[in-house]
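Reviewing the structure listed below.
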Amino acid sequence: MATSKVLAGAQVVLPTGTVPRGRVIVDGTRIAGSAPADAETVDLTGHWLVPGFVDMHNHGGGGASFSNGTVEDVLHGIRTHRLHGTTTLVASTVTGEMDALAQRAGLLSELAEQGDIAGIHFEGPFISPCRKGAHSEALLRHPDPAEVRKLLDAARGRAKMVTLATELPGGIDSVRLLAEHGVIAAIGHTDATYEQTVEAVDAGATVATHLFNAMPGLGHRVPGPIAALLEDERVTVELINDGTHLHPASLQLAFHHAGARRVALITDAMDAAGFGDGTYRLGPLEVVVSDGVARLAEGGSIAGSTLTQDRAFQRAVTVDGLPVEDVVTAISETPAKRLGIYDTVGSLEPGKDADIVVLDAEFALKGVLRKGEWVVDPT
């Protein structure tokens, strides 16, 4: 059960900066401004305290997929990522038949209502066959607003984001529909031009699905969607920092140009995250995971990742050399704000959920607290 505790002695990363030898007070399930008399003190000297990670693009983990399987399978995937510091996640689906996606949305919406996930992200089927990545081309379709609405209705108000190739017929109208319903329209798996991307952002698109991946490259005469997405202050750009999806220079470019407050570090994880190499399925497609890299058995396209957010955090600081505060912003604050849940998660402030990650001096995960209860006990 959640109890009162004082996490003391660590470097505490707050929205205002890092406090050396600070403390965070937990009272029940929330962060408190003062300590109850019976609070237990946990000495975390030499460690870092950061907010629980918020992953807005995640397809599964621990051998379980969010796109198929039972409720218990999905819960197992969620628990796997909690063990790696992700205290809040959005469950992402992959391209499938419309009826199957609608049925899946019904199951996931129940988990969202219970608080197990923060909502549902539909990645596909409204994406470009030119940039399909690990999605079945036979199941792709144009983003007809009526069909987009069908998925929203099936999600019963729990849809958080839909990834679209907005240059396809119906794309702009679908963006407007999503914006009207308070659902994030994300530009991704797209073959759009610079001008088409600008039009989509003006229509209400606010997220770049895994920027750089599954879209035309940045050209000096034909800048494409990357330039349009990086330059617009209204857009949050997702980045997969696993060392496979992005060259470090691309990551640095995005942080430099957009800034940490517009970057959301995501996993785009599939079943193998936190589980291991082997053969898996992503929707109807077979995926082979070797040395931690997931690729389609046929064609070899990268098929999501096996990344967990603790590894993304550690790599961003120790390999990419980003300031700890910027990484905290990108992995917790920015996604929480974009998802509209920053009032409860995303920073270590009184009144918010007691979702806290404990890292050692080398930024390896040592503890995870979710709503005041240890998922991973640092002691």
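A donor-acceptor pair is defined here as one N or O able to donate and one able to accept, closer than 3.5 Å; no such pair exists between the side chain of T86 and the backbone of T88. Distance alone, capped at 3.5 Å, is enough to place a donor-acceptor pair between the S305 side chain and the T267 backbone. Using modelled atom types, no side-chain atom of S332 and backbone atom of T329 make a donor-acceptor pair closer than 3.5 Å.
Residue-environment remark: CZ (R30) exceeds the threshold of 12 foreign heavy atoms within 6.0 Å. For E298, the CD atom sits in a loose shell: 12 or fewer heavy atoms of surrounding residues, nucleotides or ligands are nearer than 6.0 Å. More than 12 heavy atoms of other residues, nucleotides or ligands sit less than 6.0 Å from atom CD of E231. Summarising the local packing, CG of D291 is surrounded by 12 or fewer heavy atoms from other residues, nucleotides or ligands at distances under 6.0 Å.
For Q314 against E362, the heavy-atom pair with the smallest separation is NE2-O, 3.0 Å. Closest approach of G77 and A64 over heavy atoms only: N-CB, 4.1 Å. The two atoms that bring M215 and P225 nearest to each other are CB-CG, 4.0 Å, heavy atoms only. The shortest heavy-atom contact between L101 and G96 is CD1-O, 3.6 Å. The shortest non-hydrogen separation linking L107 to G69 is CD1-O, 4.4 Å. For the pair L246 and L211, the tightest heavy-atom approach, listed with the atom from each and the gap, is CD2-O, 3.8 Å.
Between E72 and R79 there is a salt bridge, since at least one side-chain N of the basic residue sits less than 4.0 Å from a carboxylate O of the acidic one. Classification of D153 and K150 as a salt-bridged pair fails, no side-chain N sitting under 4.0 Å from a carboxylate O. We find that D355 and R370 are not joined by a salt bridge, their nearest charged nitrogen and carboxylate oxygen being 4.0 Å or further apart. Salt-bridge check for R156 with E113: passed, with a basic side-chain N closer than 4.0 Å to an acidic carboxylate O.
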- Full working for side-chain hydrogen bond (donor to acceptor under 3.5 Å, both in side chains) between N213 and H245: CA-CA 7 Å; N213 297 116; H245 280 79; 5.1 Å; no
- In sequence, state the C-alpha distance, the side-chain angles, and the governing distance for E325 and T18, and then conclude on side-chain hydrogen bond (donor to acceptor under 3.5 Å, both in side chains). CA-CA 7 Å; E325 294 80 4; T18 299; 2.5 Å; yes
- Task: Begin with the C-alpha distance, continue with both residues' side-chain angles, and end with the deciding distance and a verdict on side-chain hydrogen bond (donor to acceptor under 3.5 Å, both in side chains) for E40 and T3.
- Result: CA-CA 8 Å; E40 165 198 10; T3 57; 4.5 Å; no
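In summary, the side chains of E199 and Y194 do not present any donor paired with an acceptor at a separation below 3.5 Å, with no hydrogens or angles considered. Using a 3.5 Å distance cut-off with no hydrogens or angles, the side chains of D360 and H47 do not pair a donor with an acceptor. In this model, a donor atom of one side chain and an acceptor atom of the other lie less than 3.5 Å apart for D268 and H59. Counting only N and O atoms by type, the side chains of E123 and H210 include a donor and acceptor under 3.5 Å apart. A donor and an acceptor atom, one from each side chain of S347 and E349, are located under 3.5 Å apart.
Ring pair H189/H135: centre-to-centre distance below 6.0 Å.
Between F363 and W48, the angle of the ring planes lies from 30° to 60°, which puts this pair in the tilted group. Classification of the H57-H121 ring pair by plane angle, with boundaries at 30° and 60°, yields perpendicular.
In this structure, K352 satisfies the cation-pi test against Y342, with its NZ or CZ atom closer than 6.0 Å to the six-membered ring centre and inside 45 degrees of the ring normal.
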